[in-house]
Amino acid sequence: MLGSITLARRPEEVATARRFVAKVLGERPETATAVLLTSEAVTNAVIHATGPAVTVAVAETAAGLRVEVGDGGADTVPTIRERGDLRPDGELREGGRGVLLIRRLAARSGFRADESGLTYWFEL
């Protein structure tokens, strides 16, 4: 484990999560991608979760890096919205492209849900 932080589930804490991951990873080649994907995952937790906090954990694995974002759970699970996904009024939907971005840029990603909430993870 390289580090973890627990933050209040508030929009302004997304920036705190980005700074934390950047500091933990330093000058690694994967840092910029990890910061971007962490921002997407924490934003999803802030918008959709019901618990009061979000936890970000960064670890080294045999294959590279793993970032996990845990929250108190939600009524939905992470969903991908492809480009061009339109609302009934013809406008692009706001949500769902963050998960698509994570899936496209990460080597692997997924989530697990249990009684403590949902943990979304990605590996680089």
Side-chain angles (χ1 to χ4, degrees):
M1 174 75 71
L2 296 173
S4 70
I5 188 171
T6 299
L7 307 165
R9 191 180 57 83
R10 296 191 315 247
E12 59 270 20
E13 295 292 12
V14 175
T16 304
R18 285 192 303 262
R19 287 190 300 271
F20 167 75
V21 170
K23 182 177 179 180
V24 167
L25 295 181
E27 297 297 321
R28 295 172 188 244
E30 307 92 338
T31 299
T33 303
V35 168
L36 171 65
L37 300 186
T38 298
S39 183
E40 295 296 334
V42 173
T43 297
N44 283 346
V46 167
I47 292 169
H48 299 292
T50 57
V54 175
T55 300
V56 178
V58 182
E60 279 188 296
T61 68
L65 295 171
R66 181 178 178 108
V67 177
E68 295 189 352
V69 176
D71 60 48
D75 294 333
T76 61
V77 296
T79 304
I80 293 177
R81 299 218 193 275
E82 296 291 340
R83 219 174 338 162
D85 191 7
L86 301 176
R87 298 186 317 216
D89 64 5
E91 294 293 316
L92 283 174
R93 293 187 188 276
E94 282 293 314
R97 285 183 295 279
V99 175
L100 176 64
L101 191 62
I102 293 169
R103 294 268 172 93
R104 295 246 170 107
L105 295 178
R108 293 182 42 207
S109 67
F111 66 91
R112 66 181 181 276
D114 59 28
E115 64 280 346
S116 66
L118 184 124
T119 299
Y120 195 88
W121 58 269
F122 61 86
E123 295 178 347
L124 302 171

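A quick note: this is a predicted structure, and the numbers were derived from the prediction, not measured.
Looking at S39, its side chain never comes within 3.5 Å of a backbone N or O of V35 through a donor-acceptor pair.
In terms of heavy atoms, T50 sits closest to G72 at OG1-O, 3.7 Å. Closest heavy-atom contact between L25 and A34: CD1-CB, 3.5 Å. Between R9 and A45, the shortest heavy-atom distance links the atoms CD-O, 3.3 Å. Contact detail for L124 and A106: the closest heavy-atom pair is CD2-CA, 3.8 Å. Scanning all heavy atoms of the two residues, the minimum distance from A22 to T31 falls at CA-CG2, 4.1 Å. The two atoms that bring L7 and E13 nearest to each other are CD1-O, 3.6 Å, heavy atoms only.
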task = Just do the side chain to side chain contact (heavy atoms under 4.5 Å, CB included) check on V24 and I5 with the steps written out, would you?
result = CA-CA 11 Å; V24 167; I5 188 171; over 6 Å; no

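Contact check for V58 versus F20: side-chain heavy atoms found under the 4.5 Å cut-off.
Cluster membership for V69 and L2, using ILVMFWY side-chain heavy atoms within less than 4.5 angstrom, is shared.
No hydrogens or angles considered: a donor-acceptor pair under 3.5 Å links the side chains of T16 and R19.
Every side-chain contact (heavy atoms from CB on, under 4.5 Å) that R66 has, sequence neighbours left out, goes to T61, E68, R112, W121, E123.
Note on E30 versus R28: no salt bridge recorded, every NZ/NE/NH1/NH2 to OD/OE distance being 4.0 Å or above.
How far CZ of R108 is from CD1 of I102: 14.5 Å, rounded to the nearest 0.5 Å.
Each of D71, V99, L37 was scored for a side-chain contact (heavy atoms from CB on, under 4.5 Å) with Y120, with one residue passing: V99.
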